[in-house]
Amino acid sequence: MEKNTPKHILITGGAGFIGSHVVRHFVNSYPHYHIYNLDVLTYAGNLENLKDVENAQNYSFAKGDIVDAGFTNDLFSKAKFDGVIHLAAESHVDRSISDPLSFVRTNVFGTVNLLNASLEAVKENPNFRFYHISTDEVYGTLGETGLFTETTPYSPNSPYSASKASSDHFVRAYGETYGLPFVISNSSNNYGPNHFPEKLIPLFINNIIQKKPLPVYGDGNYTRDWLYVEDHAAAIDLVFHEGRDGETYNIGGFNEWKNIDLTKLLCQLMDKKLNRLEGTSEKLITFVKDRPGHDLRYAIDASKINRELGWKPSVTFEEGLERTIDWYLDNQEWLDHVTSGDYKLYYQKQYQP
Ligand SMILES: Cc1cn([C@H]2C[C@H](O)[C@@H](COP(=O)(O)OP(=O)(O)O[C@H]3O[C@H](CO)[C@@H](O)[C@H](O)[C@H]3O)O2)c(=O)[nH]c1=O
């Protein structure tokens, strides 16, 4: 999709963690585009994430649910979108284990609604493009070695990853059956500012600040590949504009960490930041009951996006963690806000130290 002419772009889930970074990136990089952020503002969506762009001329927010076909069809018929970048999703694996249906509802049903609305958009604009933002979890788990490539067979293990695999399949099926122009990308674990503190990195930063236990699942020997969220936003820009139709691109950080090693690193960095004695935060580590169906290892071969589109991560883990920790220390109000309400109820149920 060429970049020079004005466009109307819909970003779904733009008030969430990755979504808000993508909205900011597009609003700032493309002043001649109009960026519409559609978000239903669940517990994980927060317009405070977008304070710096909320008054931009080329930005609008619409509160609404992608599951509501009447609402999405109406939005599409009014705005005449040139493209959709679809990030709206329930994303937390643990929540999917206790409430799988809400993941089917948003991630599958919601995606299919958007696909239906997009078919109407293509009739008026053959250059329309649907971009589905997905996850490496669709591939299931790796052993100690190997990497996920774009041709790794899907083998999702959690209700969350099953719902994302299903939505990927629907997107591809709409391409095959109805000729919908699409691209998909599957990314590894993101981290950075505005990450809701139910995921490992922000939860543990928050708990260290508050001297609360750090609940490491099982023996902690699970491996994830971490990517700074702004690098992901830059990759999404490239895939949206330059990715080949009907293709999938894997996006990863080439940055594997075992959970226990990452937890210890966070403890050391935070002790320094908070002027605590070395070893203070490590005492908070608590091994707890494992996540059912816990995938051992995710690691991405991101060579296709590098080869075809020239993308590679630019923020080192050291730099990214420093920025992330500083952001949480400077934004206690944000933390207090997002950890009230639903968060408190959820965590009282899950983790009794
Ligand atoms: C929240 C939490 C997590 N963990 C473990 C489970 C995982 O092995 C690892 C990271 O967990 P999470 O932060 O929940 O992320 P994970 O399950 O890997 O999934 C993330 O990364 C995926 C991409 O790989 C995204 O598609 C998901 O939306 C995102 O939530 O840390 C703990 O040991 N203790 C915890 O309290």
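Whatever order the structure lists ligands and atoms in, that order sets their numbers, starting from 1. Note that the coordinates shown come from a computational prediction; the quantities given were computed from them, not determined experimentally. Residues: numbered from 1 along the sequence shown.
- Aromatic ring centres of W311 and Y249 lie farther apart than the 6.0 Å criterion allows.
- Taking only nitrogen or oxygen atoms, main chain and side chain alike, Y222 does not reach within less than 3.5 Å of ligand 1.
- Nearest to atom 15 (O) of ligand 1 by heavy atom, out of D94, D219, N189, L227, is N189.
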Return a table of donor-acceptor pairs under 3.5 angstrom between the side chains of residues 175-185 and protein atoms on other chains or two or more places apart.
unit_1: T177; atom_1: OG1; unit_2: A173; atom_2: O; d: 2.9
unit_1: S185; atom_1: OG; unit_2: Y131; atom_2: OH; d: 2.7

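- Salt-bridge check for D65 with R105: passed, with a basic side-chain N closer than 4.0 Å to an acidic carboxylate O.
- In summary, the aromatic rings of H92 and F196 are positioned with their centroids too far apart to meet the 6.0 Å limit.
- Interface of D136 with ligand 1, defined as ligand atoms under 4.0 Å from a residue heavy atom, comprises 23 (C), 24 (O).
- For ligand 1, the polar-atom distance check against L203 finds no nitrogen or oxygen pair separated by under 3.5 Å.
- A side-chain donor-acceptor contact under 3.5 Å links S134 and D168.
- Taking every non-hydrogen atom of H92 and a distance limit under 4.0 Å, the qualifying atoms of ligand 1 come out as 14 (O).
- Using a 4.0 Å cut-off between charged nitrogen and carboxylate oxygen, E256 and R297 count as a salt-bridge pair.
- Counting the atoms of ligand 1 from 1 in the order shown, those under 4.0 Å from a heavy atom of H294 are 6 (C), 7 (C), 8 (O).
- The closest side-chain donor-acceptor pair between Y43 and R95 falls under 3.5 angstrom.
- Looking at heavy atoms from C-beta onward, Y228 lies in side-chain contact with P193 at the 4.5 angstrom threshold.
- Of all the atoms in ligand 1, the ones that sit under 4.0 Å from a non-hydrogen atom of P215 are 32 (C), 33 (O), 34 (N), 35 (C), 36 (O).
- You'll find the side chain of Y328 reaches within 4.5 Å of the side chain of P202, heavy atoms only.
- Where the criterion is an N or O separation shorter than 3.5 Å, residue side chain and backbone included, W226 fails it with respect to ligand 1.
- Contacts of N259 with ligand 1, taken as heavy-atom pairs under 4.0 Å, involve the side chain alone.
- The ligand atoms of ligand 1 that sit less than 4.0 angstrom from a heavy atom of Y298 are 18 (O), 24 (O).
- At a 4.0 Å heavy-atom cut-off, ligand 1 touches K199 through backbone and side chain alike.
- Considering each of K164, R224, E90, the one bringing a non-hydrogen atom nearest atom 18 (O) of ligand 1 is R224.
- Each of the atoms 23 (C) of ligand 1 lies under 4.0 Å from some heavy atom of S187.
- Residue Y160 approaches ligand 1 through these ligand atoms, each under 4.0 Å from one of its heavy atoms: 25 (C), 26 (O), 27 (C), 28 (O).
- Polar contact check, V93 against ligand 1: no nitrogen or oxygen pair lies under 3.5 Å apart.
- In this structure, E48 and V338 have side chains that are not in contact, with every pair of non-hydrogen atoms separated by 4.5 Å or more.
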*Does the pair E137 and S158 meet the rule for a side-chain contact (heavy atoms from CB on, under 4.5 Å), with working shown?*
CA-CA 9 Å; E137 298 199 13; S158 72; 4.2 Å; yes
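- Numbered from 1 in the order shown, with element, the atoms of ligand 1 that lie under 4.0 Å from a heavy atom of V216 read 33 (O).
- Between S188 and ligand 1, no pair of N/O atoms sits closer than 3.5 Å.
- F81 pairs with exactly one of F130, Y36, Y33 by the ring-ring contact (aromatic ring centres under 6.0 Å, His included) rule, that one being Y36.
- The proximity of E198 to ligand 1, defined as any non-hydrogen pair under 4.0 Å, is limited to the backbone.
- When heavy-atom distances to ligand 1 are checked against a 4.0 Å cut-off, S161 has no atom that comes that close, whether in backbone or side chain.
- On a distance-only criterion, Y217 and ligand 1 share at least one N/O pair closer than 3.5 Å.
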